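In the text below, chain A, chain B and the rest are named by the order of the sequence lines, each starting its count at 1. Since this is a predicted model, take the numbers as computed values, not measurements.
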There are 2 protein chains.
Amino acid sequence: MTSHETPRRATIADVARQAGVATSTASVVFSGKAKVAEATRERVLAAASDLGYTGPDPRAASLRRGRSGIVAVVLEGHLRAAFLDPVTTAMMDGLTDGLAELSAGILLMRDEPGEDGSALASAPVDAFVLIGCSGRTRASLEIVRGRGLPVVVIEGDAGGDIPRITLDNAAASAAVAQHVKDLGHTDVAFVTLSLDADRTRGPITEERLATATTDVTIDRLEGLRRVFPAAPAISASGSLIDEGIIVGRALLADPDSRPTAVIAQSDLLAVGVIRAAEELGLRVPEDVSVAGFDGIEVDGLGGLLLTTSVQPAVDKGRAAGEQVARMLNGLPGETQHFTCRFRAGTTTAPPPAR
Amino acid sequence: MTSHETPRRATIADVARQAGVATSTASVVFSGKAKVAEATRERVLAAASDLGYTGPDPRAASLRRGRSGIVAVVLEGHLRAAFLDPVTTAMMDGLTDGLAELSAGILLMRDEPGEDGSALASAPVDAFVLIGCSGRTRASLEIVRGRGLPVVVIEGDAGGDIPRITLDNAAASAAVAQHVKDLGHTDVAFVTLSLDADRTRGPITEERLATATTDVTIDRLEGLRRVFPAAPAISASGSLIDEGIIVGRALLADPDSRPTAVIAQSDLLAVGVIRAAEELGLRVPEDVSVAGFDGIEVDGLGGLLLTTSVQPAVDKGRAAGEQVARMLNGLPGETQHFTCRFRAGTTTAPPPAR
DNA sequence: TTGTATGCGTTATCAT
DNA sequence: ATGATAACGCATACAA
């Protein structure tokens, strides 16, 4: 309380005093929530500009209003990794759309194993959108639910009555597999997304599958196995081209054990597998067929069109935003279900003649 | 005030009462800012769980503390476009790093010509990072400065004593141009980023240049013209591969006016130009040389390595985060200057013999 | 170690 | 159209 402190910023009370009006009047001038005589209005504005007052303190307004105008988007892992994934970006894009009517800001938060969740617990937000599928999400969910704020979960098992945005992962995967089977393939391998927050890369055993927590991976695998029950599967550590290359090499390097088709759980992984195949001198689709999942635009396929399942990523994001908006308006949130569209591309063909 | 309202959430005062302690004691239990007897501590926690109290209300805590734990990142244009740009995501990545010690969240905001800036004026944030180069930034700057919060500007003319994160755009561009000149090219064209918030695509005239507001574009062009003063330039409407394709076609379609080298102000644009060249049956670099700027990883170049100027995007983001952290700790923010590294790739070669 | 008292800066309600 | 007042929920300085 020494006089050397930075001069306290003017408050609305200061402005009101200077203008010779009540604070409530001054407040109304800024919020526009009631009519104010033009003369008073100008006096208040003049006083404000006099004192360098630029508007109500958002923190105080938040407290008073009970709203901060911010919606948290919780992504798993590094933000960078999240934005490396075109599906995530597309969802974010839709989300900003769906949130537009609220004119709410988007607070990016990560949901990482290391964190103690304090950020989630103490962020001044009005609602949460959880994106991602890791089992870790469930832990975040606890924290978030406790706060009693609206929550929407995109692709994940929310539990309870939490509205979700879901996708027909199993059915869509089965459709891709069926296409491959119809082409005549019997010797097929899968490249899956990560099984859990550990993101360990490696062959999927029954044991690992039993402890898996990532719903998307599990669901898509289930769909694939409907068609190819015995096909081997390797989990990648994430949806990245580089991961696809690594796993693709492992799968295709040995001519004796090489499958005639590889189905990946994401387009990025599929592109990686194609790269690996090319590295090994294999032609796609003549020597090996490759299919993906997502239906994103991928570069570097040199004229090939990926066989894949196209998911409505932007719509999913938009739906999430809309549900948040609904809930913030006091309406109940509703789970929205989306379906994929199979797209036959040029990366799959009948298996090579023996 | 009917009895049908949702039951009011418990406050820390309720918890304290239930536990039979003072609110200050309960507060301390949650903040950990002072020692509390284990017994009381447990009683408070028990009371909290009893009442379903999950911790202090962030909005109230923000007001009281004068901090919200949120840093705003202001990007120009659609958020989607921002995340489509690898340079931006890289900066964001570094930014989260630099901000890590504050464990602050990142609030995404856009700075659009249409907006009245109300979002910027009323977001409950502790500091601002302005990314982007449009002249529009200057308007945002006004709003933001008025709030008296720490501001850091990445690539843009901040004015005043606002700390900036800068890049040697002109010098680095000149280096690229010099490389092209050294290869023997004299007939060169430039593809620039957008000149202003309008993002109009088209040939750059002296007139347009005079009213340009985007510093990055201007600076890089200045560097290029140091080496090729008379080269024609076309502005793209953004840093996108598709834009590069469009402009590339315009530049390369006519065999008579075709330059032997194209220098783009971003790698994404350069890739687009290469695509356009391929479409037209031109070989890169045999028929036409192409250079870019940024040094991002780009797929789909089919084995070519882009000649470019590699900028330390992640470091820039990190530096911005660090400066914000400094300022929030009461230290003065300092402008940080970064330099690019020229990288000769395989997309540039001597001009074809006539 | 614990409790008391105050104020953070607003805005909604109600009365005038 | 304007003004007085009471919360909003918390954290801190200070006293005990």
Side-chain angles (χ1 to χ4, degrees), chain A residues 1-2 5-6 8-44 47-48 51-69 121-124 126 147-149, chain B residues 1-2 5-6 8-44 47-48 51-69 121-124 126 147-149:
Chain A
M1 198 153 295
T2 71
E5 303 284 328
T6 303
R8 192 177 57 80
R9 283 191 75 73
T11 73
I12 201 168
D14 298 329
V15 172
R17 195 175 317 116
Q18 166 109 356
V21 301
T23 58
S24 53
T25 304
S27 174
V28 163
V29 167
F30 287 100
S31 73
K33 294 226 173 186
K35 270 163 223 346
V36 180
E38 187 54 27
T40 16
R41 186 188 141 72
E42 285 185 357
R43 240 179 326 134
V44 170
L51 299 173
Y53 179 82
T54 55
D57 178 328
R59 284 176 283 254
S62 292
L63 173 58
R64 179 60 236 232
R65 289 211 232 260
R67 285 279 172 87
S68 65
S122 65
D126 297 334
R147 292 187 56 178
L149 298 177
Chain B
M1 199 154 289
T2 72
E5 302 286 326
T6 303
R8 193 176 56 80
R9 283 191 75 72
T11 73
I12 201 167
D14 300 327
V15 172
R17 195 174 318 117
Q18 166 108 355
V21 302
T23 59
S24 57
T25 306
S27 173
V28 163
V29 167
F30 286 100
S31 74
K33 294 225 172 184
K35 270 161 226 341
V36 180
E38 187 55 26
T40 12
R41 186 187 144 71
E42 285 187 355
R43 241 182 323 137
V44 171
L51 298 173
Y53 180 82
T54 54
D57 179 328
R59 284 178 281 255
S62 292
L63 173 58
R64 180 58 235 236
R65 292 201 149 106
R67 285 279 171 88
S68 65
S122 66
D126 297 334
R147 293 187 56 178
L149 298 176

S.K.: Specify the separation, in whole Å, of atom CZ of B:Arg17 and atom C1' of C:dG3.
M.R.: 15 Å
S.K.: What nucleotide, of D:dA1, C:dT10, C:dT4, holds the atom closest to the side chain of B:Ala22?
M.R.: C:dT4
S.K.: Start with the C-alpha distance between A:Val29 and A:Arg43, add both sets of side-chain angles, then the distance that settles side-chain contact (heavy atoms from CB on, under 4.5 Å), and finish with yes or no.
M.R.: CA-CA 10 Å; A:Val29 167; A:Arg43 240 179 326 134; over 6 Å; no
S.K.: Please report, rounded to the nearest Å, how far the P atom of D:dT2 is from the CD atom of A:Glu42.
M.R.: 12 Å
S.K.: Rounded to whole angstrom units, what separation is found between the CZ atom of B:Arg147 and the P atom of C:dG9?
M.R.: 14 Å
S.K.: Write down the distance between OH (A:Tyr53) and P (C:dT10), rounded to a whole number of angstrom.
M.R.: 4 Å
S.K.: Assess whether a salt bridge exists between B:Asp57 and B:Arg64, defined as any Lys/Arg side-chain N lying under 4.0 Å from an Asp/Glu carboxylate O.
M.R.: no
S.K.: Using side-chain contact (heavy atoms from CB on, under 4.5 Å), reason through A:Arg17 and A:Thr11 one step at a time and then give a plain yes or no.
M.R.: CA-CA 10 Å; A:Arg17 195 175 317 116; A:Thr11 73; 5.9 Å; no
S.K.: Which distance, rounded to the nearest 0.5 Å, do you find between the CZ of A:Arg147 and the CZ of B:Arg9?
M.R.: 9.0 Å
S.K.: Could you state the NZ-P distance from A:Lys33 to C:dT10, rounded to the nearest angstrom?
M.R.: 15 Å
S.K.: Could you state the atom-to-atom distance from CG of A:Asp57 to C1' of D:dC8 in whole Å?
M.R.: 14 Å
S.K.: Measure the distance from CZ on A:Arg9 to C1' on C:dC8 and round it to the nearest whole Å.
M.R.: 15 Å
S.K.: Select base, sugar-phosphate, or nothing to describe what A:Thr40 touches, counting heavy atoms under 4.0 Å on all strands.
M.R.: sugar-phosphate
S.K.: Do A:Arg64 and C:dT10 share a donor-acceptor pair, side chain to base, under 3.5 Å?
M.R.: no
S.K.: How would you label the contact of B:Ser31 with the nucleic acid (heavy atoms, under 4.0 Å): base, sugar-phosphate, or nothing?
M.R.: nothing
S.K.: Would you mind classifying the nucleic acid contact of B:Val36 as base, sugar-phosphate or nothing, using non-hydrogen atoms under 4.0 angstrom?
M.R.: sugar-phosphate
S.K.: DNA chain C: B:Leu63 or B:Ser24, which has the more 5' nearest nucleotide?
M.R.: B:Ser24
S.K.: What is the separation between atom CZ on B:Arg65 and atom C1' on C:dT6, rounded to the nearest whole Å?
M.R.: 18 Å
S.K.: Side chain of A:Ile12, heavy atoms from C-beta onward: which of C:dT11, D:dA1, D:dA11 has the nearest atom to it?
M.R.: C:dT11
S.K.: Using the closest heavy atom to pick a nucleotide of DNA chain C for each, name whichever of B:Thr23 or B:Ala60 lands nearer the 5' end.
M.R.: B:Thr23
S.K.: Measuring from atom CD1 of B:Ile12 to atom CZ of B:Phe30, what distance do you get when rounded to the nearest 0.5 angstrom?
M.R.: 6.0 Å
S.K.: Among the nucleotides D:dC10, C:dA12, C:dG3, which one has an atom lying closest to any side-chain atom of B:Val21?
M.R.: C:dG3
S.K.: Reckon B:Ser27 has a side-chain N or O less than 4.0 Å from the OP1 or OP2 of D:dC10?
M.R.: no
